[in-house]
There are 2 protein chains.
Amino acid sequence: MTRKIALGSAPLREPREPTIDDAADGNATDGNATDRRPLADRVLAVLDVVAAAGQPMAVKDIAEKLALPKPTAHRLIAMLEERGFLARPIDGRLVTVGPKLRTLALNTLRSSLGQAPSHARLRALSLELGETCNIGVLEGGDVVYLDRVEVENWPLRLEFGVGSRVPLHCTAMGKLFLAFLPELPRRRLLDCLPLPRMAAATLCDPALFRAELDSIAACGHSFDDEEYMPGVFCAAVPIRDGAGRMIAALAVQAPKVRLSRESVAERLPVLHRAASDMARALGLDAAPAEPALSP
Amino acid sequence: MTRKIALGSAPLREPREPTIDDAADGNATDGNATDRRPLADRVLAVLDVVAAAGQPMAVKDIAEKLALPKPTAHRLIAMLEERGFLARPIDGRLVTVGPKLRTLALNTLRSSLGQAPSHARLRALSLELGETCNIGVLEGGDVVYLDRVEVENWPLRLEFGVGSRVPLHCTAMGKLFLAFLPELPRRRLLDCLPLPRMAAATLCDPALFRAELDSIAACGHSFDDEEYMPGVFCAAVPIRDGAGRMIAALAVQAPKVRLSRESVAERLPVLHRAASDMARALGLDAAPAEPALSP
DNA sequence: CTGTTAGTCTCATTCAGCGATACGATTTGT
DNA sequence: ACAAATCGTATCGCTGAATGAGACTAACAG
């Protein structure tokens, strides 16, 4: 990148005297390891803690729980109180949620209504299959999990929550996206996609990998047969919009003892049905711009 | 304190030309009226706006509404997205509330309703009716219990505590929510909602179920006549905000020997009165927002 | 192909936030 | 009642996180 040619001045930026005081400075400022966490995080954390408490809380406890210095805690809470996000009930010393936060809460639930149908359908699917299911989209070279319903005995609890990203080349969802992408973006992605080995079965050879993609494009679904995590099998089908373009992926994952190439066949129709329901639930059936012309 | 004396007085900094501009600086800094509003306000404002929208929003609109510079808006939203407070639905361009904000919302409401005025009113109601009463909201295709007052001889002790979830199609609260939902989410939810049989009287037929919802919408309250648990009768009425939107449900449940279709009539006014008291006790912020329709 | 619009990047500047310290205000223990 | 402990408030110089103008790129629409 062209690195805009200095605005003339160059690095005038005088480094400070490298004298002994540097050494002193190094760890001095003393124990002043100001670990300054951004304000935003603290604000959100305070709201979280106060709301989760379920009952009025002492400022001290909030400060302790979040490891906030005393004045800082007071300042933050006073600020949130002023804005109406927190409030102090009668006794004046304790802190609870305020009216603004209540309104925000109500609006939040109302807004998340749009996500309820697809989530409900996902849950129904998960119930029917008895396994963990999730929805993902393609975003900048990764698959991002949009929603997820876990079954009780799923071993990998926290690692793949909503919002987490997984690679393209070794996951059922990722390979599915690659297989169904329009020519151009597909090229661009494939050309610079590394195929690092994640597990024994990962497809690391480009030729093999392309063959796999062709086969997926032909049959309309994809598997991850321990290519990402040992012992985990995964199957994915596309969620398409009204014009037939693949917008998202729907996947089921399970320990290999419960799901495998052999046993997955009878579940595929169930998956496909859920996928088309989901398209409707997500409002993808609406008139889609233009029917694709150039391939 | 070592106080790095070295630099002591010297303003090594020496950046801009030390010209007359010092004088000019006095009131100027030019037309550069950088009105820098604190980060915290902006974070809260963004959450407010996104939640109040009721539907996914374009970044541009958020930026406009809050008079935020373009890069700042993107930075803020990206940060909130990373933290899980905001999320982007399928299309990836728009922004909505995220999972973290949803749990914050639930916790907030639980805190609000579990405390002084609301909880007291719920207890009063329970006392007056002599039966177990509870409050719930709709979230993610379930009813979530936010508060509850049990009578002594209630048989189902632990199963339905605060925070537990029950299905929509076979509970008084759930059917009430469905009956009063706005058209679009209602249709999509109904499309996706399985109607599994939970008890002998569960309404499993879609046509019958829709008829039931219509009837509920018409009369303003709902029953669960042994549709979920044998021997348990339940009645629910809506709690509405200032704009008339249903935000929560208030319900009474009892063994059928003590409460039934016949004997419930005289209790309904009591329930409705409690519901409107609770709405008032919720003390919402003054801005319930308008029922945004797309322009 | 060109204009339009939305999103990204860079970077010098600056002020909002910070928290150590100190001091008043309460509550608590005896 | 009086300490003692605890909690809340006020002050203030330092600093780096946040900022936003501007330039650039990507995505589309016509």
Side-chain angles (χ1 to χ4, degrees), chain A residues 1-14 16 25 28-43 46 57-64 66-82 88 91-95 139-140 182 184-185 188 288-290 292-294, chain B residues 1-5 7-9 11-17 21 25 28-43 46 57-64 66-81 88 91-95:
Chain A
M1 38 264 304
T2 69
R3 205 40 162 5
K4 45 189 25 192
I5 312 136
L7 331 164
S9 18
L12 268 201
R13 225 329 206 256
E14 193 119 2
R16 77 268 195 93
D25 214 22
T29 339
D30 246 337
N32 248 350
T34 32
D35 104 291
R36 203 162 156 161
R37 274 177 312 148
L39 171 66
D41 281 341
R42 292 179 158 185
V43 167
V46 168
M57 250 186 130
V59 177
K60 177 202 153 202
D61 295 328
I62 301 173
E64 256 168 30
L66 299 174
L68 294 176
K70 209 198 314 179
T72 302
H74 278 280
R75 203 184 325 127
L76 274 182
I77 289 166
M79 188 270 290
L80 287 170
E81 200 187 331
E82 213 174 326
R88 320 187 87 116
D91 103 345
R93 266 152 49 69
L94 304 180
V95 174
E139 195 181 291
L184 185 63
R188 231 184 301 162
E290 29 84 51
L293 22 118
S294 68
Chain B
M1 274 330 86
T2 66
R3 195 47 200 324
K4 42 164 81 175
I5 313 147
L7 328 169
S9 50
L12 270 203
R13 214 57 156 150
E14 212 265 263
R16 80 267 192 93
E17 290 291 297
D21 86 334
D25 217 16
T29 334
D30 241 344
N32 246 353
T34 29
D35 106 286
R36 207 162 152 161
R37 277 175 308 148
L39 172 65
D41 279 342
R42 293 178 156 184
V43 167
V46 167
M57 251 185 130
V59 175
K60 177 201 152 204
D61 296 326
I62 301 172
E64 260 166 27
L66 298 175
L68 293 177
K70 211 192 318 175
T72 303
H74 279 279
R75 206 184 321 125
L76 274 182
I77 290 168
M79 180 224 97
L80 287 170
E81 198 187 328
R88 321 187 85 117
D91 53 70
R93 229 162 31 82
L94 305 180
V95 174

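Convention: sequence-line order gives letters A, B, ...; per-chain numbering from 1.
Atom-to-atom distance recorded for Ile77(A):CD1 and Ile62(A):CD1 is 4.0 Å, nearest 0.5 angstrom.
Shown here for Ala40(B) and Val43(A), the closest heavy-atom pair between the two residues is CB-CG2, 4.0 Å.
The distance between atom CD1 of Ile77(A) and atom P of dG19(C), rounded to the nearest whole Å, is 14 Å. Whole-Å rounding puts the Arg188(A) CZ to dA26(D) P distance at 9 Å. As rounded to whole Å, 10 Å separates atom P of dT19(D) from atom CE of Met79(B). For Leu94(A) and dT26(C), the CG to P distance is 16 Å, given to the nearest whole Å. Spacing between atom CG of Leu39(B) and atom C1' of dA17(D) amounts to 9 Å, rounded to whole angstrom units. Note: CG (Leu76(A)) to P (dA16(C)) measures 16 Å, nearest angstrom.
The only option from Leu68(B), Leu66(B), Val59(B) that meets the side chain to side chain contact (heavy atoms under 4.5 Å, CB included) definition with Leu76(B) turns out to be Leu68(B).
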Below 3.5 Å is the cut-off: list the nitrogen or oxygen pairs between protein and nucleotides 7-9 of chain D, distance only.
unit_1 : atom_1 : unit_2   : atom_2 : d
dC7(D) : OP1    : Lys60(A) : NZ     : 3.2
dG8(D) : O6     : Lys70(A) : NZ     : 3.1
dT9(D) : OP2    : His74(A) : ND1    : 3.3

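Listed by chain and number, the residues in a side chain to side chain contact (heavy atoms under 4.5 Å, CB included) with Pro69(B) are Arg42(B), Pro71(B), Thr72(B) (sequence neighbours excluded). Qualifying side chain to side chain contact (heavy atoms under 4.5 Å, CB included) partners for Ala58(B), counting only residues two or more places apart in sequence or in other chains: Asp61(B), Leu94(B). Scored by the side-chain hydrogen bond (donor to acceptor under 3.5 Å, both in side chains) test, Glu81(A) finds Arg88(A) as partners (sequence neighbours excluded).
At dT19(D), none of the side-chain N or O atoms of Thr72(B) fall inside 4.0 Å of OP1 or OP2 (strictly under the cut-off). Under 4.0 angstrom from either OP1 or OP2 of dC18(C) there lies at least one side-chain N or O belonging to Arg42(A). Proximity of Arg75(A) to the phosphate of dC18(C): a side-chain N or O atom is located under 4.0 Å from OP1 or OP2.
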- Show your reasoning for whether side chain to side chain contact (heavy atoms under 4.5 Å, CB included) applies to Lys70(B) and His74(B). CA-CA 6 Å; Lys70(B) 211 192 318 175; His74(B) 279 279; 4.2 Å; yes
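Summary of helix geometry: the two end axes of the helix from dC1(C)-dG30(D) to dT30(C)-dA1(D), each defined by five base pairs via their C1' atoms, are inclined to each other by 60° (rounded to 10°).
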